[in-house]
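Each chain gets a letter, A, B and so on, in the order its sequence line appears, and its residues count up from 1. Heavy atoms only: backbone and side chains are in, while hydrogens, waters and symmetry mates are out.
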There are 2 protein chains.
Amino acid sequence: MTNPIPVARLTAFCQSALRAIGADDATVRDCTASILHGSLHGVDSHGVRLLPHYIKALEGGRLNKAPVLRFTQTRPGSGMLHGDNAQGAVPTYAAVDHACALAREAGIGAVGITHSSHFGPAGAYSLRAAQRGMMALVTCNSDSFVRLHDGAERFHGTNPLSIACAAPENPWLLDMATSAVPYNRVELYRSTGTTLPDGVASDSAGADTTDPQIAEMLAPLGGAFGFKGAALGGVAELLSAVMTGSGLSPDLASMAGPDFSTPRGLGAFVIVLDPDAFAGADLVRAGITRYLALLRASPARPGSRVMAPGDREWTEAARRRADGITLDPVTAQAFDELSERLGLPLLADPGM
Amino acid sequence: MTNPIPVARLTAFCQSALRAIGADDATVRDCTASILHGSLHGVDSHGVRLLPHYIKALEGGRLNKAPVLRFTQTRPGSGMLHGDNAQGAVPTYAAVDHACALAREAGIGAVGITHSSHFGPAGAYSLRAAQRGMMALVTCNSDSFVRLHDGAERFHGTNPLSIACAAPENPWLLDMATSAVPYNRVELYRSTGTTLPDGVASDSAGADTTDPQIAEMLAPLGGAFGFKGAALGGVAELLSAVMTGSGLSPDLASMAGPDFSTPRGLGAFVIVLDPDAFAGADLVRAGITRYLALLRASPARPGSRVMAPGDREWTEAARRRADGITLDPVTAQAFDELSERLGLPLLADPGM
């Protein structure tokens with residue numbers, strides 16, 4: 001692992017690299033914001049390690065370096081956003097902006113996104129709405145990795161559901177895959193030769209396995225009650241693909257390529273609620289304050305601590321803001337290669 | 001168990017019993033419709049076995065026999081419904097009606113419900129919206145039964161999430177508790193002396209137990225990943241209690257009493273999306289048709305079958321419509337007592 005890199009320096013590097021390959025201002029801003037959200041909050045799987053991937057897709061033509069988004073409001077609370085094959089953060093942040101505006105007018109707003117691509121950490125987007133005083137749901141589907149309940153093939157993607165709600169201090173924030181674990185957990189265990197937990201992965205016949213070497217697909221969340229996790233993956237699919245007329249998970253080209261020139265046509269979906277249109281902003285603020293206080297004071301199992309969704313992330317973000325962000329070796333090497341190829345200053349200079 | 005009772009006869013009995021104790025027409029209609037939804041679709045925990053409970057609450061004064069609901073539209077897509085302490089089905093079906101109307105106007109509609117009570121099977125309400133061509137989410141919170149992730153006390157209720165989406169034949173229908181199992185599963189295993197599955201219940205210190213005799217609380221959905229289940233329980237809480245200004249799960253008086261005279265002040269929440277305001281009704285219909293076909297054709301594990309959410313329920317409903325509905329012994333006896341006390345014809349006459 002590298003020495004920790006200050007957040008500002010890492011941010012500047014991501015922006016410079018994207019700018020150097022010709023991405024437009026919105027792509028530079030939004031792609032960087034979303035992957036820094038991941039790296040800052042400890043969601044390293046969806047952090048700056050994705051930068052080389054996005055650059056490859058932007059250079060290959062899968063992603064549009066200068067997208068022109070087209071928003072169509074369909075009714076007072078609803079709209080569709082055409083992403084013009086942008087890097088996924090661009091239309092998703094834009095959809096949050098539109099959905100917040102719709103919610104202010106209509107009480108609740110929903111925006112279906114089409115012609116998008118991998119958007120990184122779902123929590124980056126629901127958090128943005130919560131920072132504006134709202135409650136939000138953000139979801140997308142993705143290429144197939146997860147079997148159905150009692151299924152024996154990859155069907156759904158890891159199909160995240162992210163929900164956030166404004167609170168007086170840090171928001172309440174959930175960002176979860178609807179699979180039992182993310183796929184990169186399997187890859188990590190494969191590289192370290194570790195045994196997987198029970199019930200999170202299956203072999204090519206769909207049978208449970210704890211051997212990461214023969215794991216061919218993920219299990220849906222819920223173990224023996226995997227019909228719930230599979231159905232939650234279905235909720236992501238219904239909103240992101242069915243409601244928007246975009247590709248179903250089994251239709252989607254692999255994020256990993258080999259084709260990096262063809263747009264993948266992903267859908268996504270954003271719903272925003274304005275608390276002021278329900279019990280009222282003051283009452284809702286009092287309610288969530290009390291809820292979080294009760295929750296954090298709830299007795300824990302011996303040796304454990306009860307946390308609200310997001311608490312782990314705020315702690316990690318404070319630590320990383322102070323101490324900097326450490327890159328894994330693969331990402332560090334990819335960043336060095338980007339430095340050299342694009343003529344950018346080295347990320348970790350010797351004087352640090 | 002009783003001999004199977006024809007659906008029409010069971011429906012008439014529930015209606016007669018509610019009418020006999022003085023419930024108004026809306027309560028007779030909606031309470032019966034919701035519990036018959038449960039009994040018809042195999043959700044017996046939330047079926048007609050609840051009738052004696054609701055009658056006790058209506059007679060005791062916890063529930064209002066002649067509620068006057070008050071709906072306030074706050075913005076084009078949002079509103080609040082005051083339930084006037086009705087039996088929970090009455091305001092929840094009404095909220096679905098309002099949310100469907102809002103969604104037709106605004107593309108998406110949301111209704112927060114206050115002053116409600118236990119509403120039985122959540123799926124009854126999302127299904128109603130789906131039968132009108134919509135996609136819907138219906139949720140409520142309930143008195144504490146479920147520990148938090150790493151928690152050691154009952155905190156959330158079993159806080160269901162129900163989501164349904166219209167499809168050309170039967171809708172897609174999910175109705176799930178956010179606990180690993182429902183509490184009545186623990187009670188059932190206690191009475192039969194069976195060992196519980198791993199990781200679904202905890203003793204009074206929050207430690208996992210498979211012994212139903214010492215199970216004091218339920219685990220959140222997700223096993224080792226219970227932070228996801230606990231957060232999903234939190235989503236129900238945020239929508240049903242925080243957004244509506246109603247009681248949090250730890251605030252709520254026990255459904256089981258002993259107090260059957262004081263209204264419990266439950267909240268609930270309904271969100272409805274009109275597909276025609278997104279990709280358009282035709283494209284969405286084509287999308288869900290293809291999704292369901294792909295899903296049902298997905299290879300299964302040996303000896304298993306892959307089903308869409310709701311498929312088990314439609315099969316069971318067809319069987320029960322043909323063969324009738326069987327009552328468990330406790331419910332059968334309670335119905336006999338109601339027959340006698342209220343002067344109603346016996347449910348299962350000897351001539352059947």
Side-chain angles (χ1 to χ4, degrees), chain A residues 74-78 80 105-110 112 135 148 150-153 155 163 165 172 174 176 180 197 205-207 221-225 228 231 234-235 237-238 241-245 248 250 271 273 275 277-279 283-284 287-288 290-291 294-295 298-301 304-306 309, chain B residues 74-78 80 105-110 112 135 148 150-153 155 163 165 172 174 176 180 197 205-207 221-225 228 231 234-235 237-238 241-245 248 250 271 273 275 277-279 283-284 287-288 290-291 294-295 298-301 304-306 309:
Chain A
T74 54
R75 297 191 194 161
S78 59
M80 292 290 293
E105 287 299 314
I108 184 168
M135 181 170 176
L148 293 162
D150 289 333
E153 71 167 359
F155 190 81
I163 295 163
C165 186
W172 185 102
L174 168 68
M176 60 171 260
L221 174 69
F225 310 95
K228 296 185 181 181
V235 171
E237 202 77 24
L238 291 175
V242 171
M243 280 289 155
T244 68
L248 301 169
I271 299 176
L273 293 93
F278 298 96
L283 204 52
V284 172
I288 195 165
R290 189 157 161 272
Y291 173 62
L294 284 175
L295 191 158
S298 185
R301 305 214 255 190
S304 299
R305 192 180 134 217
V306 169
Chain B
T74 54
R75 297 192 194 161
S78 59
M80 293 290 294
E105 287 299 314
I108 183 167
M135 179 169 177
L148 292 162
D150 289 332
E153 70 167 359
F155 190 80
I163 295 163
C165 185
W172 185 103
L174 168 66
M176 59 172 260
L221 175 68
F225 311 95
K228 297 184 179 181
V235 171
E237 201 78 24
L238 291 175
V242 171
M243 280 288 155
T244 67
L248 301 169
I271 298 176
L273 293 93
F278 299 97
L283 205 52
V284 172
I288 195 164
R290 190 159 160 272
Y291 173 63
L294 284 176
L295 191 158
S298 186
R301 305 214 255 191
S304 298
R305 193 181 135 216
V306 169

Listed partners of Leu283(B) passing side chain to side chain contact (heavy atoms under 4.5 Å, CB included), at least two apart: Ala279(B)
Nearest heavy atoms of Leu221(B) and Gly222(A), plus distance in Å: CD1-CA, 4.0 Å
Under 4.5 Å from a heavy atom of chain B, the part of Leu295(A) involved: both
Most contacts with chain A, counted as non-hydrogen pairs under 4.5 angstrom, among Arg290(B), Glu237(B), Lys228(B), Arg305(B): Lys228(B)
Options Gly223(B), Ala180(B), Ala207(B), Pro309(B), ranked by heavy-atom pairs under 4.5 Å with chain A, top entry: Ala180(B)
Phe278(B)/Thr74(A) under side-chain contact (heavy atoms from CB on, under 4.5 Å): CA gap, chis, key distance, verdict: CA-CA 7 Å; Phe278(B) 299 97; Thr74(A) 54; 5.6 Å; no
Partners meeting side chain to side chain contact (heavy atoms under 4.5 Å, CB included) with Glu153(A) (sequence neighbours left out): Phe155(A), Ser298(B), Pro299(B)
Among Ser78(B), Ala152(B), Ala106(B), Gly151(B), residue most engaged with chain A (heavy-atom pairs, under 4.5 Å): Ala106(B)
Interatomic spacing from CG in Leu148(B) to CG in Asp150(B) - rounded to 0.5 Å: 9.5 Å
Heavy-atom pairs under 4.5 Å with chain A, option from Cys165(B), Ala224(B), Ser304(B), Gly287(B) with the top count: Ser304(B)
Any side-chain heavy-atom pair of Val284(A) and Met135(A) under 4.5 Å: no
Atom group of Leu294(A) that falls short of 4.5 Å from chain B, counting heavy atoms: both
When Gly206(B), Pro250(B), Ala110(B), Ala277(B) are compared by non-hydrogen pairs under 4.5 Å with chain A, the top option: Ala277(B)
Which of Leu174(B), Val306(B), Ile163(B), Ile108(B) touches chain A most, by non-hydrogen pairs under 4.5 Å: Ile108(B)
Over all atoms of both residues, closest heavy-atom pair of Leu248(A) and Val242(A): CD2-CG2, 4.1 Å
Interchain contact, Met243(A) with chain B, by part (heavy-atom threshold 4.5 Å): both
